Amino acid sequence: QVQLVESGGGLVQPGGSLRLSCAASGSIFSINDMGWYRQAPGKERELVATITSAGSTNYVDFVKGRFTISRDNAVNTIYLQMNSLKPEDTAVYYCNAVIAAFSHILQSRVYWGQGTQVTVSS
């Protein structure tokens with residue numbers, strides 16, 4: 001079974017930094033687009049950043065200049081470097097990926113990680 005596992009969340013003071021990781025594992029044939037989403041309590045899940053298989057990135061306005069998404073295809077992992085964190089960045093962060101498994105290589109599916117909590121507070 002293909003799965004995504006996030007790590008790196010935690011408690012940090014305003015202005016601090018965290019680096020999130022998302023590792024894909026299982027019988028993977030290929031990984032296409034990947035991205036990060038977040039969801040604060042009582043709010044809708046929202047897009048944070050995306051990265052294509054070729055390394056092209058996109059960011060939502062509220063994280064531009066502060067967050068950086070990157071990808072290491074050798075280990076099927078993406079990262080989210082978060083700097084200058086604000087209290088409003090507090091949320092559960094989820095990894096997302098479009099993956100083709102060996103069991104069905106001609107049909108890619110969307111996979112989600114379990115989420116990792118990021119709390120920004122003094």
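Fair warning: this is a prediction, and the values are worked out from it, not measured in the lab.
Nearest approach of Asn32 to Ser108, heavy atoms of both residues: ND2-OG, 3.5 Å. Across every non-hydrogen atom of Ile69 and Thr57, the tightest pair is CG2-CG2, 3.6 Å. When every heavy atom of Val63 is checked against every heavy atom of Val48, the shortest pair comes out as CG2-O, 3.8 Å.
No donor-acceptor pair closer than 3.5 Å links the side chain of Thr90 to the backbone N or O of Glu88.
Clustering ILVMFWY residues whenever any of their side-chain heavy atoms sit less than 4.5 angstrom apart, transitively, puts Val75 in a cluster other than the one holding Met34. Hydrophobic clustering (ILVMFWY, side-chain heavy atoms < 4.5 Å, transitive): Val110 and Ile105 are in distinct clusters.
Side-chain contact between Ile51 and Ile78: present, with at least one pair of heavy atoms (C-beta onward) separated by less than 4.5 Å. Inter-residue side-chain proximity for Asn76 and Ile28 is flagged as met; some heavy-atom pair is nearer than 4.5 Å. Side-chain contact between Arg38 and Tyr94 is absent, with no heavy atoms from C-beta onward closer than 4.5 Å.
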Could you pull out every donor-acceptor pair under 3.5 Å between side chains of residues 5-26 and any protein atom, sequence neighbours left out?
from, atom 1, to, atom 2, distance (Å)
Glu6, OE1, Gln114, N, 2.9
Glu6, OE1, Gln114, NE2, 3.4
Glu6, OE1, Gly115, N, 2.8
Glu6, OE2, Cys95, N, 2.6
Glu6, OE2, Gly115, N, 3.3
Ser17, OG, Asn83, OD1, 2.9

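Screening residues 12-53 for ring-ring contact (aromatic ring centres under 6.0 Å, His included), with sequence neighbours left out, gives Phe29-Phe102, Tyr37-Trp112. Within the structure, salt bridge (charged side-chain N to carboxylate O under 4.0 Å, His left out) contacts touching residues 66-75 (residues at least two apart or in different chains) are Arg66-Asp89. Within the structure, ring-ring contact (aromatic ring centres under 6.0 Å, His included) pairs that include any residue of residues 51-88 do not occur (at least two apart or interchain). Under the disulfide bond (SG atoms under 2.5 Å apart) criterion, no residue pair touches residues 37-76, with sequence neighbours excluded. Identified under the salt bridge (charged side-chain N to carboxylate O under 4.0 Å, His left out) test for residues 112-122, with sequence neighbours left out: none.
Interatomic distance, Ile31 CD1 to Thr77 OG1, rounded to the nearest 0.5 Å: 8.0 Å. Taking CG from Leu80 and OG1 from Thr116, the interatomic distance works out to 11.0 Å, rounded to the nearest 0.5 Å.
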